[in-house]
Each structure stands twice: as C-alpha cells, then as structure tokens.
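Just below is one structure, and these are the notes that go with it.
It should be emphasised that the depicted structure is a prediction, and the values quoted were computed from it without experimental measurement. For the numbers below, each heavy atom of this structure counts, side chains included, while hydrogens, waters and symmetry mates do not. Throughout, protein chains are lettered first and strands after them, A, B, ... in sequence-line order, and every chain is numbered starting at 1.
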4 protein chains.
Amino acid sequence: MGNQEEKKMSEKHRKILEAAIDTFAEKGYAATSTNEIAKKAGVAEGTIFRHYKTKKELLLSIVSPTVAKFVAPHFVKSFSKEVLEGEYDSYEEFLRKLAYNRYEFIKQNFPILKIFIQEVAFHEEFQKPYFNLFKDVILPNFTKVVVHFQDKGELKKLPPETIIRFTISTIAGTIFTQRFLDQKQDFNQELEEAISFLMDGLSPGQK
Amino acid sequence: MGNQEEKKMSEKHRKILEAAIDTFAEKGYAATSTNEIAKKAGVAEGTIFRHYKTKKELLLSIVSPTVAKFVAPHFVKSFSKEVLEGEYDSYEEFLRKLAYNRYEFIKQNFPILKIFIQEVAFHEEFQKPYFNLFKDVILPNFTKVVVHFQDKGELKKLPPETIIRFTISTIAGTIFTQRFLDQKQDFNQELEEAISFLMDGLSPGQK
Amino acid sequence: MGNQEEKKMSEKHRKILEAAIDTFAEKGYAATSTNEIAKKAGVAEGTIFRHYKTKKELLLSIVSPTVAKFVAPHFVKSFSKEVLEGEYDSYEEFLRKLAYNRYEFIKQNFPILKIFIQEVAFHEEFQKPYFNLFKDVILPNFTKVVVHFQDKGELKKLPPETIIRFTISTIAGTIFTQRFLDQKQDFNQELEEAISFLMDGLSPGQK
Amino acid sequence: MGNQEEKKMSEKHRKILEAAIDTFAEKGYAATSTNEIAKKAGVAEGTIFRHYKTKKELLLSIVSPTVAKFVAPHFVKSFSKEVLEGEYDSYEEFLRKLAYNRYEFIKQNFPILKIFIQEVAFHEEFQKPYFNLFKDVILPNFTKVVVHFQDKGELKKLPPETIIRFTISTIAGTIFTQRFLDQKQDFNQELEEAISFLMDGLSPGQK
DNA sequence: CATGAATGAGCATTCATTCAT
DNA sequence: TATGAATGAATGCTCATTCAT
C-alpha cells in the first residue's frame, strides 16, 4: 500500500487495483467478474488484461506482497541472543509489541488480508509458500523467544508450540472481536486484559 | 447427517447432496458449477433443480440445519440455576464438556462447517440469523454460566464477554490446530493443557 | 453425408453441422465465429458447445469421417492378384473407375473436402493420420497395381511413384478444372481425353 | 525480395514484414494476431499500423507484388511470332525453360506463395485480378505457344486449353511432390521424366 | 421422479486499431 | 518514426436454469 511499486503505476492501473481489492473483499474472488472490476475502475475490460495476463494473476499481485509483509517484520531477522535481550525485557513486553504492531497492520490492510483468508483454502499457490514461511521462519524464531523466557523462568515448561498456540489464539481472538463485533470498545484496554490473562495462564508461579 | 429428513430422500437426492457438500467444501460455492455436482452425483443436471429451485437454495439446505445443530444443543435450553448446578460442578468441567462435545461434532460435520465458514461472509442470509442466534441465545446463556461461576469465586471479575472470548479463542485454537496442523497429536492431552491454561488465566486466586 | 450417425441427430444438431460446413467452407475455420454458426443454424450459441466441447472438435467431427471415406474405398482392401485380375482388365480401365468414382464423391462432398484442403496445413491432427494412411495404405496398394500392369507390359518401366504422380496430377487437374473453371464442359469427354493422354504418356510402345 | 521497395525500408519495417510472412505462412492469416507479429518483429504493436492501415493491407502488401512477379515474366510480353521462333525451338524446350524458371522462383518465394494459395479462396481482392490476369494474359499467350507448335506438327490437335491443363498439372505435380514429399530426390531427373512423359502424351505421332 | 437438449446471459480473454507522447 | 497504454467489440466457452418428454 502506497509503496514503491505503486508509485510507477498509471492512474488507470491504480484504479484497477483498488477496484479489484474492494470487490474481491466484498464478494469473493470467484464471484467477482472482470467486467465488474473494469466498471468500478472506470476502464475498459481489456485494460485489465494489459496489466495482468489473467484474473488469477491480478489476485496474486494483490495478495502476495501484502501477506508477505504481514508475516515478515518481526520474524525474518534471525533472533540472535542480542536481539532477544536487547529488544524484549519480558514475554509480556514482547506480546505487547507484537500485538500492537500486528493490529496496526491489519487495520491498514484489512481488505487484502480478508481476501487472503477467504481464498487461501482454494488456491494452492497460496498454501505452500505461506505454510513453509510459517513452519521454517516464524515458528522457529517464535520458539526461540519462548524458550528464552522459559529459561528465565517466566513461562511454564509446556511445549513451546503449545505456548505459541495460546498466545496467537488469544491475540487473534482479541483483534478479531475488535474488528467484527464491538468496534466501539477501547482496543488498548482489551489488549491489556488479554495480556494479563495470557501471563496468568502461562506463568509457572501458581502451579 | 443421517437424520430424519435424509431418511425420506431418494438415492439420487442423497447423491446430489453428497456431491454438493464435497465440491462446495473443496472449491468454494461460487467456483462450483451445477454441472460438476450433477456429474459427481451421477444424475442429470436438471434433476438438481427438481429438488432445489436454485443453486443457492441447495447451499442453504446443506448449511442451515447443520449449523443450527452445531450451535444449539448446549445453549438453547434456558440456563436456569437448576440446570447449572445440576450439570456442571465447576467451570472447568463445563469447559471440558463443551470442548469434547464440539470437537466430536466438528469432526463429523467438517465439510459442511467449512462451507459455512467460507461462505458466511458473502451471504446475508447466513449473517443475520446466526448473528442473532449468537447474540440473543448463546451469549446470554453463556453469560449466565460465567456469572454463576464468578459468583462462586471460581473466575476473575472480568466482563463476562471477555472471559467468553478467551474461552472460545483458546478452545477454537486448540481444535483448529488439531484439525489443520498436527493431526497426529493426542487431542485429549492438548485439550487438558488448554483447559488448565484457561483455568490458570481466568482464576482470581493468583492476583 | 446422410449416413448412419446423422440419423440419430436432433434437428438442431444437424442444423449446426450444416451451418458449420457452409461457413467453414466459405470463410475458413479461423475466420468463422461460433456466434455466426449459431445464428445461421438458428440455435443458441451455447447449444453448439453441448454437442462439441470446442470449436476444433466441431471441425474434426466434420472433416474426419468424410476424408476417411474419400481415401478409403479403393485402397483399403489389400490388392491381391485375384482382386487385380478380377477387377481391372487394364490400367486404362482402372483409371476410368478411379476417376469417375472420386469425381462423384468430390461432387457430393465438395464443401467438406474444401475445408480439409484449406485446413490440413494448419492442424497437426490432420497431417499425421492422413499422411500415414497415404504412405502405408494407399501408396503400397497403388504401387501393386502399377507394378502389375508394368509386368504385363502396359506401362513404362519408370519408378512406380513417378507413374502414380503423373496419374494423380492429371486426374486431379482434370477434376479441379472442371470444378473451378469451366463447369459447363462435359466431364466425360474431358476425362476420356485425360485418360488417353495418360495412356499415351505412360505406354512403353512409342519409345 | 531484396528489391527496390525493400531498400527504402527501415530496419523495423523490414522486421515486421519478415515476421508477418513467417507467421501468416505458418498459421494462416486469420489465425495470426498483430500482437504476435509485433512480438516476433521486436516492435510495438502500434508500429505495424504506422506502416499499414490495417492487417489486411499488410497481407496484400506481402502477397501482391510477389504473385505478380510469379505470373508475369514469361507471359506479359506479347508473344509475337518472332518471340516464339526466336526463343523456343520446340515445345519441349519451352517446357524445360518454363519449369526450371518457375521452380527457382517457388523455391525462393515459397512462404509468400503458400500464403497466397491459402488465402486466395477467402479474399475477393485476390481472386478477380489474378483470375483476370490468367484469363486475359497468360492463357492467350500460352495458347499462342501451343497453337504454334500444333501448327508445326509437334502437338496433338486437342483443344489448346486441354494441352495447357495437362502441361500445368504435370509440372505443378512434379514441383509439389519435390517440395512436400521427397525433397531429397534429384529434381532435374524428375523434371526430365515429366517432360518426356508430357511429350509422349502430347505428341501426335503414335496415334 | 428423472432426463437431457436447449437456452441466453454472462464469463475471462483476445482482437485490431487508435492516439497522446 | 516509434511507442505502448488504452479501447470496446468480438471471441470461444460456461453458467444456472427451463421444459418437453
């Protein structure tokens, strides 16, 4: 969004992209016709195919870069000890940074992420690369963080994937509720409740 | 599944239903053609429209009863004090029953529930009734349970919806992980970990 | 034309075939649109595709059986000596039968053969099978005939393929001229001239 | 080919022409897109239309001059008696010159002539002028040659068009076979066989 | 209840051609 | 002269739906 590639685009090209995002998000990829996108973008239908060979290529060009960016920032840098100790004093602080950061990104790229979530089940092109990214990059790095704080005695000695699962479930549930159900609520407060729920549930002290 | 309505169905009718469920789940409603369903079911295309006026009616007839059943059993009976005290000795026991029960149901009706989750965003016919069911029946009854155990001192004095959210997030996350990622894991053990995480996170004691 | 397969066809199906033959012959395969065929046949465009999966399948279904029949009758039976001596007293008589027979067939199937000749250069599906049929069936059998009459002293001792080439060129040229240039001429007379030209050119006597 | 007009052409213009000839010959005019020509020529699609108002004009500009040249040289000069007696001692010598000459031309301009033969049936712009050229120039001049040698007693007293037909059929058949079937054969020898076949078939002696 | 031929609107995509740069 | 983005009509083909049998 608003990144370098879009700078080089012609007005019409940008309009096509916007129209496609809107319509894919609203009605789903399969139920959106190129005719509809063209009309909404104010261009001829043929123009779409000057920029994208197929409708599917249009979908990929919308979804891929944003999802890559969504997943990347916190985890692609390798989590050396310095990074861990320098950046996060506690698992609680790590959670807080993670949650706020992802929440902002979701707020700004909501339609594209919605398209991804809707379509990922139906397009193999999506499944493999992102599943691998998760398994090979995110999960190992996330695990390092968890082990680090388990070693410091801040977290229960559960399997790291289990702790990760609880963390992601709780934060995702909080963000999801905020977006879809009670958008008027104060997100900060909800998030702090989620964090203290998580810390209570994951701390070894009370066993 | 195997309920009364299906008993009355002709062989061909049942085949149509099965083919539709399979294909909708695999490729999505919009990307599935009635021709494809007919072929997979071994019937003429016209036969589908003898039983369902439109393709959408076929979708609704697949999704609606199952989703209703998914949502109903635990919550449709009004949760009077007797029910509560008779059936659940603790929030932990309630959780355990809830989780196992829902897990079994999901396992048996997975394709249909997948269709619902994929399509709910695109069909208003789905959104209102189920949103209302949730708001007017499930949430109030679930709230009664939570308040009941808050009164007994088993749960933190957070807003009940917050507790409900943590509960659902954690259990849904556990079931989801089981279904999609590590299907070989022992579900019982994972669920017990989730329950004890939840109880630790939601109990007032350790503050 | 008017054969068994067509008997089973619905009225609309037959109309599609007729319209396609007419239009392919008149404008060429690539320059003919399915829309045009549908209009000429008085059916909906979709109807064409109920009967033929693609436009190309329609072309093949028109051309293949007729060309097969064109090529087959004289040459598919293996030309044993009995056949040769029983059926043809002289090369001249063989020529006469061949020419009249092919001429009748061409007259009756002219548009389809025209389509074949126009399209054979562009569709590999045509080239291989018919080239092989020619090389493996027609040429060897035709060669037997020629050698037979060379042995009887009726034909020059040229390579049989050369004699075949002169024979085909002359007869094809005669038929072609008749069809395209002077259709009012008497074909019988032209053919007899061609035969006596051929016999004069191919007989060993006058060397 | 390499003539005056092409001298004045820009590099790009020449590339367009070459690409168009190749592609028209390979796939046919109607099945060739201007986009494809542009890509093969390494120019922008618009550039084609700087040089030729329409795709059809491009076709005409390719085919017309070459076909005109093919047909012209032997016959456009009016065949006065002096020409006849000066240039050709016998019908046989005339045939030999005609055949070698046309064969060389065909060899050098094969793709363009192929395009012409494929397309002549579908474009009226081709049919009339070349048919007229044949009828008004070639046929009368060719007839003069035939009559000349009939008067000298070298040829049968058949109608001249019949003799012309046998001549063209045989020579065309020889060239065609050489081009399409057995390209390894020695053309000279094949041609001499054809000529002696023609002379035997057309000489009055043996009647 | 079941068929399958038929429909015509709609689909993604390609086309020859235009035109501002 | 050459470009390449843009067009809108046309393309081959698919769609959900209808209906006579």
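Between K39(C) and E36(C) there is no salt bridge, since no side-chain nitrogen of the basic residue lies less than 4.0 Å from a carboxylate oxygen of the acidic one. With respect to the salt-bridge test (charged N to carboxylate O, under 4.0 angstrom), the residues K40(D) and E18(D) do not qualify. Between K56(D) and E125(D) there is a salt bridge, since a side-chain N of the basic residue sits under 4.0 Å from a carboxylate O of the acidic one.
In this structure, H13(A) and Y52(A) have perpendicular ring planes: the angle between them is above 60°, well past the 30° mark.
Atoms NE2 (H51(B)) and C1' (dC1(E)) sit 7 Å apart, rounded to a whole Å. Rounded to whole angstrom, the span from the CD1 atom of I48(C) across to the C1' atom of dA9(E) amounts to 16 Å. Here the C1' atom of nucleotide dG10(E) and the CD1 atom of I37(A) are 15 Å apart, to the nearest Å. Here dA16(E) presents its C1' atom at 14 Å from CD of E57(D), a figure rounded to the nearest Å. The distance between atom CZ of R14(A) and atom C1' of dA5(F), rounded to the nearest whole Å, is 15 Å. Y52(A) has its OH atom 11 Å from the P atom of dA6(F), to the nearest Å. Look at CG on L59(D): it is 13 Å from P on dA16(E), rounded to the nearest Å. Here the C1' atom of nucleotide dC15(E) and the CG atom of L58(D) are 15 Å apart, to the nearest Å.
Nearest-nucleotide positions on DNA chain E for E36(A) and K12(B) put K12(B) closer to the 5' end.
Formation of a donor-acceptor pair under 3.5 Å by the S64(D) side chain with backbone atoms of L60(D) is found in this model.
Looking only at atom types and distance, the side chain of T34(A) has a donor-acceptor partner in the side chain of E45(A) under 3.5 Å away.
Two residues are said to be in side-chain contact when any heavy atoms from C-beta on lie closer than 4.5 Å; F116(B) and I62(B) fail this criterion. You'll find the side chain of F24(A) stays beyond 4.5 Å of the side chain of Q118(A), heavy atoms only.
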Just do the side-chain contact (heavy atoms from CB on, under 4.5 Å) check on Y130(A) and V67(A) with the steps written out, would you? CA-CA 9 Å; Y130(A) 291 111; V67(A) 174; 3.3 Å; yes
Classify every nucleotide of nucleotides 14-21 of chain F by which part a protein heavy atom approaches to under 4.0 Å, writing B for the base, S for the sugar-phosphate alone and - for neither, in 5'-to-3' order. BSBBB-B-
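Consecutive pairing runs in DNA chain E reach the stem threshold at E:2-21 with F:2-21, where a stem means at least three Watson-Crick or G-U wobble pairs with distances under 3.5 Å.
Regarding contacts with the backbone of dA2(F), every side-chain N or O of H13(D) stays at 4.0 angstrom or more from both OP1 and OP2.
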